[in-house]
Amino acid sequence: MKPLYFIFVNLSLAVFTSACSVGPSSVVTQDIRDPYEQRNRRVHEFNRQIDTKFFKNEEETEKQPSAVGDGLRDNVSNLADTASLPGVVVNQVLQGKLGPATTNSVRFVINATLGFGGLADVAGDMGIQEYDTDFGETLHVWGVGEGAYLELPLLGPSTERDAAGQVVDFFTNPLSYVLEPSARLALTGVKVADKAFERDKYGDTVDSVLYDSADSYTQLKLIYVQSRRFELGVEPEIADDDPFALDTSGF
């Protein structure tokens, strides 16, 4: 097992949402606060080195087929998602979103029982949709500001609000208090494996950001913050005017 919990989950989606949410002639004027840039860049370089060591083989000229079957990947992903649902439900209750909380509760019960402990997404096959959230979004709903941009060791891009949310999320999943220590450790391994599989799945996209960008730190920061704001429904401030156009009104 690769001991890596720093994977850019949904990075592929982030690239497309950041590209689609802003038109080619538009300018995003909403600032990204980054007072810790020097420290963040050091952490970013550390994360790049870890990623290079475990995921990128510079000597390979062709992408090799994965040794992990799709079935195993799906099982690990389903189990990780099922295990996270109780914590997601807690956050949705805190956000006052009782409809999604109920739906996710039903998903958990079905997959934990009929889905062999969560290995199969039976609820998904039945058309029961999953609604994801976290305590960072809970803080957003409560009116807590985004804060400054942070890049965390191994965990990757974040903000002050989301980093605080990640800490709280470690304690808000009820499963953490009912499972035996060995079972909790096994679930942690499953979550790490799921992140590693996602890194492999979106490898080309992640590589293009980390290794093909002129400034991978700035590119990753922009992708993460824009994607997160889009996810939370924060409308960006868009300037559609041509910055080089002369204002002739009044003449």
Side-chain angles (χ1 to χ4, degrees), residues 1 3-11 13-14 73-124 126 128-144 146-147 150 152-199 224 227-228 230-233:
M1 181 67 63
L4 195 61
Y5 206 66
F6 141 70
I7 309 295
F8 309 131
V9 186
N10 296 328
L11 182 57
L13 176 62
R73 290 173 183 269
D74 290 343
N75 289 152
V76 170
S77 177
N78 291 336
L79 185 56
D81 288 344
T82 300
S84 69
L85 280 175
V88 172
V89 169
V90 169
N91 276 304
Q92 285 166 334
V93 171
L94 293 175
Q95 295 168 19
K97 300 177 180 178
L98 301 184
T102 301
T103 300
N104 277 336
S105 298
V106 173
R107 275 185 60 86
F108 176 77
V109 172
I110 292 176
N111 285 347
T113 54
L114 302 180
F116 306 101
L119 291 173
D121 186 10
V122 178
M126 298 170 61
I128 302 176
Q129 183 180 356
E130 178 180 357
Y131 297 92
D132 195 20
T133 191
D134 51 49
F135 196 75
E137 182 171 359
T138 300
L139 292 174
H140 166 71
V141 171
W142 290 353
V144 177
E146 177 181 87
L150 296 175
L152 305 176
L154 301 180
L155 294 174
S158 186
T159 61
E160 288 179 317
R161 180 181 61 202
D162 286 344
Q166 286 175 298
V167 173
V168 176
D169 277 330
F170 279 117
F171 303 98
T172 54
N173 192 331
L175 283 183
S176 301
Y177 303 97
V178 299
L179 293 178
E180 295 293 329
S182 58
R184 292 200 300 269
L185 182 61
L187 278 181
T188 299
V190 167
K191 292 178 182 179
V192 172
D194 182 44
K195 304 304 182 186
F197 289 159
E198 288 208 16
R199 170 58 176 93
Y224 175 80
S227 175
R228 183 59 165 165
F230 178 86
E231 179 184 9
L232 297 178

side-chain hydrogen bond (donor to acceptor under 3.5 Å, both in side chains) with Asn91: which residues, sequence neighbours excluded? Thr138, Asp169
If every non-hydrogen atom of Gln95 is compared with every non-hydrogen atom of Asp134, which pair is closest and at what distance? NE2-O, 3.6 Å
Checking Gln92 side chain against Tyr131 main chain: does a donor-acceptor pair fall under 3.5 Å? yes
For Ala112, what residues pass the side-chain contact (heavy atoms from CB on, under 4.5 Å) criterion, not counting sequence neighbours? Phe108
Residues Asp81 and Ser84: closest non-hydrogen pair is O-OG, 2.8 Å
Output side-chain donor-acceptor pairs under 3.5 Å for residues 114-121, partner residues at least two apart or in another chain, one line each.
residue : atom : partner : partner atom : Å
Asp121  : OD1  : Arg107  : NH1          : 3.4
Asp121  : OD1  : Arg107  : NH2          : 3.2
Asp121  : OD1  : Asn111  : ND2          : 3.2
Asp121  : OD1  : Gly124  : N            : 2.8

With a 3.5 Å distance limit and no angle check, can you tell me whether Tyr177 reaches the backbone of Phe171 through a side-chain donor-acceptor pair? yes
Point-to-point distance, once rounded to the nearest 0.5 Å, from NZ of Lys191 to OG of Ser77: 13.0 Å
Can you sort out the partners of Thr159 under side-chain contact (heavy atoms from CB on, under 4.5 Å), two or more places apart, ordered by chain and number? Glu146, Arg161, Asp162, Tyr224
Side chain Asn78, main chain Asp74, donor-acceptor under 3.5 Å: yes
For Glu231 and Arg228, what are the C-alpha separation, side-chain angles and deciding distance, and is it a salt bridge (Lys or Arg N to Asp or Glu O under 4.0 Å)? CA-CA 5 Å; Glu231 179 184 9; Arg228 183 59 165 165; 3.2 Å; yes
CZ on Arg199 to CG on Asp194, rounded to 0.5 Å: 14.5 Å
Distance (rounded to the nearest 0.5 Å) between Glu160 CD and Leu139 CG: 12.0 Å
Partner set under side-chain contact (heavy atoms from CB on, under 4.5 Å) for Thr113, not counting sequence neighbours: none
Taking all non-hydrogen atoms of both residues, which atom of Pro86 and which atom of Asn173 are closest, and how far apart? CB-OD1, 3.3 Å
Is there a donor-acceptor contact under 3.5 Å from the side chain of Thr103 to the main chain of Gly99? yes
Of the non-hydrogen atoms in Ser105 and Ala101, which two are nearest, and what is the gap between them? OG-O, 2.8 Å
d(Ile110 CD1, Ile128 CD1) to nearest 0.5 Å is 3.5 Å
Quick one: closest heavy-atom pair of Leu152 and Ala163, and the distance? CD1-CB, 4.1 Å
Tell me which one of Thr82, Leu185, Asn75, Val76 satisfies side-chain contact (heavy atoms from CB on, under 4.5 Å) with Val190. Val76
Name all residues meeting the ring-ring contact (aromatic ring centres under 6.0 Å, His included) criterion together with Phe135; count only those two or more places apart in sequence or in a different chain, and write none if there are none. Trp142
Shortest non-hydrogen contact from Gln166 toward Ser158: OE1-OG, 3.6 Å
